[in-house]
Amino acid sequence: MQEYAGRDGDTVKLLRECDAGIKMGVDSIDDVVDRVEDANFKKLLQQCKLKHQELGMEVGQLLGLHEDDGKNPNPMAKSMSRIKTGAKMLADNSDATIADLMTDGCNMGVKSLSRYFNQYKSADEKSRDICERLVNLELQLTNDIRKYL
């Protein structure tokens, strides 16, 4: 991983955080989608996963231009997410539980991505646009699945 200064530095840092957030989102959906009972809920999660993957390809292309490999989610955060999912699903294996877990995950994603968006103010417009689209995707999923809570 290279270190960058100035505008390129903020651009790469923001793209890395988007990359990690996208991977975390896809992994989280993969962890629960097969347990969803309601066909429409399952479809929403699958569509959201595809949109995450599309954004992931955009992020990957931009990181490639900067000769950067991107960033994986924090292993501790990923492990804690899986433990929380497993424990909650053992207690109540319902669509409401899955909607609750996904809402919590989306809220954490929005919070951290918004923080990085504000922190890396010098990031280029493409990167900032991707970050905003990712935040909006998370907000939209939260809104769409509210009826399953």
Side-chain angles (χ1 to χ4, degrees), residues 1-36 38-86 88-89 95 98-149:
M1 240 185 288
Q2 298 179 16
E3 282 302 315
Y4 299 93
R7 181 182 177 110
D8 279 350
D10 277 5
T11 296
V12 170
K13 289 174 185 173
L14 184 58
L15 287 170
R16 284 179 187 158
E17 296 305 337
C18 288
D19 190 39
I22 289 166
K23 290 173 182 173
M24 187 74 170
V26 168
D27 286 349
S28 296
I29 292 170
D30 282 343
D31 285 346
V32 299
V33 72
D34 290 335
R35 301 177 190 189
V36 173
D38 185 275
N40 290 325
F41 185 13
K42 185 176 278 202
K43 185 176 178 183
L44 285 170
L45 291 176
Q46 291 167 334
Q47 289 171 338
C48 188
K49 178 182 170 182
L50 286 174
K51 290 176 185 173
H52 273 76
Q53 290 170 324
E54 289 168 4
L55 280 176
M57 288 190 295
E58 282 186 60
V59 168
Q61 288 173 344
L62 291 174
L63 283 167
L65 293 175
H66 292 278
E67 299 178 5
D68 193 276
D69 295 333
K71 181 178 176 183
N72 288 318
N74 179 307
M76 183 63 79
K78 199 170 172 178
S79 294
M80 294 304 290
S81 174
R82 284 221 166 101
I83 290 168
K84 179 180 178 182
T85 298
K88 281 198 161 198
M89 294 303 292
D95 284 358
I98 293 170
D100 184 56
L101 288 164
M102 293 306 300
T103 299
D104 285 351
C106 288
N107 289 337
M108 288 190 308
V110 167
K111 182 179 171 184
S112 62
L113 288 167
S114 296
R115 181 175 48 246
Y116 294 124
F117 183 86
N118 293 328
Q119 182 178 348
Y120 302 127
K121 293 182 187 309
S122 297
D124 69 15
E125 283 305 310
K126 282 184 181 180
S127 304
R128 293 178 68 76
D129 176 65
I130 287 173
C131 186
E132 286 180 321
R133 286 189 284 150
L134 183 55
V135 165
N136 288 331
L137 181 59
E138 300 287 318
L139 290 170
Q140 185 64 53
L141 181 63
T142 302
N143 190 48
D144 290 344
I145 66 174
R146 195 174 296 155
K147 61 186 163 203
Y148 299 103
L149 289 170

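The figures here come from the full heavy-atom set of this structure, side chains too, leaving out hydrogens, waters and symmetry mates. Since this is a predicted model, take the numbers as computed values, not measurements.
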Can you confirm whether [X] sits close enough to [Y] that some side-chain heavy atom of one is under 4.5 Å from a side-chain heavy atom of the other?
{"X": "Y148", "Y": "D38", "answer": "yes"}
{"X": "E138", "Y": "H52", "answer": "yes"}
{"X": "T142", "Y": "M102", "answer": "no"}
{"X": "I98", "Y": "M89", "answer": "yes"}
{"X": "E58", "Y": "E54", "answer": "no"}
{"X": "V135", "Y": "S114", "answer": "yes"}
{"X": "D68", "Y": "L15", "answer": "no"}
{"X": "K13", "Y": "E17", "answer": "no"}

Nearest 0.5 Å, please: how far is [atom2] in [Y] from [atom1] in [X]?
{"X": "L101", "Y": "T85", "atom1": "CG", "atom2": "OG1", "value": "4.5 Å"}
{"X": "T103", "Y": "L149", "atom1": "OG1", "atom2": "CG", "value": "4.5 Å"}
{"X": "Q53", "Y": "C48", "atom1": "CD", "atom2": "SG", "value": "10.0 Å"}
{"X": "F117", "Y": "I130", "atom1": "CZ", "atom2": "CD1", "value": "12.0 Å"}
{"X": "D34", "Y": "I29", "atom1": "CG", "atom2": "CD1", "value": "12.0 Å"}
{"X": "R146", "Y": "L141", "atom1": "CZ", "atom2": "CG", "value": "11.0 Å"}

| said: If you count every heavy atom of other residues, nucleotides or ligands that lies below 6.0 Å from K51 atom NZ, does the total exceed 12? | reply: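 Not buried by this count: 12 neighbours or fewer within 6.0 Å.
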
| Would you say K88 has more than 12 foreign heavy atoms packed within less than 6.0 Å of its NZ? | yes

| query | When you look at D27 and K23, which way does the salt bridge (charged side-chain N to carboxylate O under 4.0 Å, His left out) test go after all the steps? | reply | CA-CA 6 Å; D27 286 349; K23 290 173 182 173; over 6 Å; no

| Do N136 and R133 pass the side-chain hydrogen bond (donor to acceptor under 3.5 Å, both in side chains) test, and can you show the C-alpha distance, the side-chain angles, and the key distance before you say yes or no? | CA-CA 5 Å; N136 288 331; R133 286 189 284 150; over 6 Å; no

Considering non-hydrogen atoms only, spot the tightest contact between [X] and [Y] and give its length.
{"X": "C131", "Y": "L14", "answer": "SG-CD1, 3.8 Å"}
{"X": "K147", "Y": "D144", "answer": "CE-O, 3.7 Å"}
{"X": "F41", "Y": "V36", "answer": "CD2-CG1, 3.6 Å"}
{"X": "V59", "Y": "C18", "answer": "CG2-CB, 4.2 Å"}
{"X": "A123", "Y": "D10", "answer": "N-CB, 3.5 Å"}

Main-chain N/O of [Y] paired with [X] side-chain donor or acceptor, under 3.5 Å:
{"X": "N143", "Y": "L139", "value": "no"}
{"X": "R16", "Y": "L63", "value": "no"}
{"X": "T11", "Y": "D124", "value": "yes"}

| Could you go step by step and tell me if K78 and N72 meet the side chain to side chain contact (heavy atoms under 4.5 Å, CB included) rule? | CA-CA 10 Å; K78 199 170 172 178; N72 288 318; over 6 Å; no

